[in-house]
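Proteins come first, then strands; the chains are lettered A, B, ... in the order of their sequence lines, and each starts at number 1.
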Amino acid sequence: MSTPARRRLMRDLKVDPPDGVSASPLTDNVMIWNAIIIGPADTPFEDGTFRLSINFDEQYPNKPPQVKFLSTMFHPNVYASGELCLDILQNRWSPTFDVASILTSVQSLLNDPNISSPANVEAANLYKDHTSQYAKRVRETVEKSWADDLMDNEDDDEMEE
Amino acid sequence: MSDDQSFMNYSPDEFESDAEFEYEDDDEVVEVASASQSDDGVVDDDYDDDEGDGEFEEGDYENDNAGDASDFKQEDTLSTKKDLVEYKAHSTKDLVAKLSAQTKNISSVLELTDDNALTLLQFYSWNSERLMEEYMDDPDRVKTAAGVIVDGSTKAGSTFKKYNKGEFMCFICCDEKTQTYQLSCGDEYCLDCYSKYIKDKTSSGKVIKCPNCDVALNSQDLDFIAGEGESFKLIESSIKEYVERHRSYKWCPSVDCPNVVEILNFADIPNIVSENHVPVVTCNHNHQFCVSCSFENHTPVPCGIAKQWVTKCKDDSETANWIMSNTQQCPKCDSSIEKNGGCNHMTCKKCRYEFCWICSQDWTSHGTSYYQCTAFRDNPNDKAKNKEKEELTAKQKLRNLTKNSLKKYLHYYNLYAVHESSTKLDDKRCKFVEEKVRELQETSGISWIEAQFLVESAEALLKARKVLKWSYAFAYYCDRTGLLDIFEEVQAKLAESVENLSKLFEIEDPLEIVRNKLEFLNKSHFLQERQKAMISCTLESIDYGCLSGKD
Ligand SMILES: [Zn+2]
Ligand SMILES: [Zn+2]
Ligand SMILES: [Zn+2]
Ligand SMILES: [Zn+2]
Ligand SMILES: [Zn+2]
Ligand SMILES: [Zn+2]
C-alpha cells in the first residue's frame with residue numbers, strides 16, 4: 001500500500017545518513033524507526049551510543065513524527081520520559097524535513113541545548129553554573145549507553161543460538 | 001478578488017495615521033462607562049445623561065452578524081472621573097481596517113510595496129516602532145530575516161509551472177505531479193503540498209515562509225496556491241496576534257463574539273477595581289463584560305469576589321450540577337414540568353398547583369410582599385442540637401462545619417444557577433415575543449417606535465436578573481450580621497420584580513402584548529428602581545465592611 005507517508009519513508013531510507021547517526025525501520029513496520037546517535041566528539045556526550053525511536057503516522061511529512069530517546073539521557077531539553085523539546089519537531093516543523101535532518105538536529109541539540117525552555121531543570125541548572133558536574137552526569141549516561149549496548153548484543157547472541 | 005476580501009482595500013479612509021494609535025475619527029464610538037453605576041444611574045447623578053455623544057450609528061454594523069447591536073441604544077455618559085473605564089468598541093472589521101492603515105503607513109514611510117510592508121509587520125507582530133527602528137538601522141538585515149526579497153535581486157518572482165506526467169517529482173509527497181509553484185528562492189513543490197502547508201499555518205497569524213528556506217510567501221502567493229481569501233484569513237489571525245500584543249485590547253468573552261474593546265485609560269483599571277467598581281464595557285454586539293475579569297458584567301460584586309465565586313463554582317460544579325436541570329416534578333402530582341420562561345412562579349399544567357421553582361414550596365407561602373426562599377437562614381434547631389452534643393469529637397465538628405458550609409454554598413449556588421438558566425430562558429422568551437410583535441407590525445401597522453417598549457423591557461429584565469444573580473454570590477461572601485437583613489429584603493424585592501416582569505413575557509397573543517404596553521413600562525421602571533436600590537445596598541454593605549470574602 002503506497003501512501004504519501006510511506007513513499008516518503010521509503011525515500012528517506014535511501015538517503016545516506018549523515019556522520020554519527022544511523023536509522024532504519026522495523027522489518028515489519030515502516031512507520032516505526034529505531035535510530036542511534038553517536039555523541040559528538042569533544043563534548044561530554046562523546047562516543048555515547050544513544051538510542052531513539054521515531055514514530056510516524058500517515059500525516060507525515062505534513063506533520064512531524066514522534067521522536068523519543070530510549071537511552072537514559074541527562075540533557076536540559078530531554079524529559080525523564082525520553083521525549084524531547086525541540087522546535088523543529090513542534091512549531092518549526094517543515095514538510096521538507098526527513099529522518100536524516102531530524103537526527104542531525106537532535107545530534108546538534110546534544111551539545112547546544114536551549115536553556116530558555118528546559119525539560120530537565122536540574123540538567124539546565126548544572127549546565128549553566130556547574131559545567132564539570134554537568135559533564136560528570138552526562139558521562140554516566142554515556143557509560144550506561146555502552147552497557148545497554150552490550151546487554152543488547154548478548155540478548156541478540158542468545159536469540160541466535 | 002472580491003472587495004470585502006481585499007485587505008488593502010479595507011475601508012482605507014477610516015483610519016489615517018494610527019501607527020502611534022491615535023484616534024481621530026469622530027464617528028467611532030467612544031464610550032465611558034463605570035460599573036453598573038453609570039448603567040443604572042446610581043452614582044452618575046452628577047453628570048447629565050443627555051450629554052453623552054457617540055450614539056451607535058447603525059451604519060457601523062453593516063457587516064456585523066445580524067446587526068443586532070444597532071437595535072439597542074447605548075447609555076452614553078462622558079465624564080472625566082477616574083473611576084470610569086474609557087473605551088472604544090471595535091468590530092473585527094474595524095481592526096482589519098486599522099491593520100490595513102498601519103500597513104499603508106509603513107509602506108509609505110519605508111518606501112516598500114504594501115505586500116512587503118505587510119510581511120514585515122506580521123514578522124514584527126505589528127510592532128511598528130520596533131520595525132521602523134530596526135529597519136532604519138539595517139534594512140537588508142530586517143528584510144532578510146522576515147523573508148522579504150531585497151529589491152534589485154536578480155532572482156525572478158514566484159512562478160506557477162505546469163509539467164507533463166513524469167517530469168516533476170515533488171520532494172514533499174514523493175509523487176509525480178503536473179502543477180507546481182516556485183518562489184524566488186528556486187524551491188519548488190507541487191500545488192497540493194503547498195496548499196496543505198499553507199492551510200496548516202494560516203491560523204498562526206505569522207509570516208508563512210518557504211518550506212525550505214526563509215523566503216516569505218506574500219498575499220498573492222497565498223491566494224494563488226490556497227485559493228482566494230487565504231491571505232485574508234492570515235490577516236484575521238493577525239488580529240489575534242495584534243490584540244495579544246496590546247494589553248489595552250480585550251476580546252469580548254461572549255461565546256463566538258468577534259468583537260474587541262480598546263481601553264483608553266488602561267492604567268486606571270487597577271484603581272477602578274481596587275475601589276470596588278466594576279470596569280464594565282459593552283461590545284459592538286451589545287454584550288456587557290468586565291475588562292478586568294474578562295467575564296460577564298458581574299455588578300454589584302467586586303472583581304476579586306467575583307473571581308473567587310467563579311472559581312468556587314467551577315470546582316464545585318459536579319456537586320451542584322443537578323440544579324441546572326430544566327425539568328422538575330410537580331411537588332403535588334409528580335407530573336414532570338418543564339420550565340419554559342424565566343419566571344420561577346410555576347403552575348402545574350395537570351393539577352394547577354402553584355409552587356416556587358427554587359424551593360418547591362407552595363407559592364402562596366412566599367407571601368405577597370417578597371420571597372422568603374431567597375433568604376438563607378441557619379437552622380436554629382441545628383444549632384440547639386449542636387449545643388446539646390458538646391461531646392462531639394473535633395473531627396465530627398469539623399465534618400458538621402463543612403456540611404453546614406456546603407449547605408450554605410448550595411443554597412446560594414442554587415439561587416445563582418437558577419437565575420443563570422432563567423436568564424437564558426428569558427432571553428429566548430424575549431426574542432420570541434419580539435419576533436411575534438414584529439410579525440404583528442407587518443399585518444397591523446403598529447409602528448416600530450411603538451413596539452420599542454418591548455425591546456427596552458427585555459433589556460431591563462435581563463440586566464436586572466443578572467444583578468440579582470450576582471447578588472447571591474455577594475450574599476455568600478457576606479458576614480451574617482448587621483446589614484444582611486436589609487440586604488435580603490432589598491434582594492427579595494428585586495427578585496419579586498424580576499419575576500413579575502418575566503411573567504409578563506409569557507403572554508402569547510401579540511395583540512394582548514401591545515395592549516399591556518403600560519404594564520410592561522411600569523414593571524420595567526419599577527424593576528430598574530429596585531435594581532438601583534440593590535446596587536446601592538451592596539455598595540453600602542461593602543462600606544460597612546460586611547463583605548468578608550470568606551467561604
Ligand atoms: Zn507534493
Ligand atoms: Zn525557499
Ligand atoms: Zn460581544
Ligand atoms: Zn471584574
Ligand atoms: Zn401537579
Ligand atoms: Zn421559594
Residue by residue, which of residues 193-202 of chain B have a heavy atom closer than 4.5 Å to a heavy atom belonging to chain A?
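Heavy-atom contacts from residues 193-202 of chain B to chain A are B:Lys196, B:Tyr197, B:Asp200, B:Lys201.
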Can you name the residues of residues 92-100 of chain A that have some heavy atom under 4.5 Å away from a heavy atom in chain B?
A:Trp93, A:Ser94, A:Pro95, A:Thr96
Using only non-hydrogen atoms and a strict under-4.5 angstrom cutoff, which residues of residues 66-79 of chain A touch chain B?
none
Neighbour count above 12 (heavy atom, 6.0 Å) for [X] [atom1]:
X	atom1	value
B:Lys206	NZ	no
B:Lys161	NZ	yes
B:Arg245	CZ	no

If we ignore hydrogens and angles and just use 3.5 Å, is the side chain of A:Arg11 paired with the main-chain N or O of B:Cys173 as donor and acceptor?
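Not confirmed, A:Arg11 side chain does not pair with B:Cys173 backbone.
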Side chains of residues 27-37 of chain A: which donor-acceptor pairs under 3.5 Å do they make with residues two or more places apart or in other chains?
| unit_1 | atom_1 | unit_2 | atom_2 | d |
| --- | --- | --- | --- | --- |
| A:Asn29 | OD1 | A:Met31 | N | 2.9 |
| A:Trp33 | NE1 | A:Val30 | O | 2.8 |

Shortest non-hydrogen contact from A:Arg8 toward B:Cys174
CD-SG, 3.5 Å
Per-residue contact mode, B:Cys213 against chain A (heavy atom under 4.5 angstrom)
neither
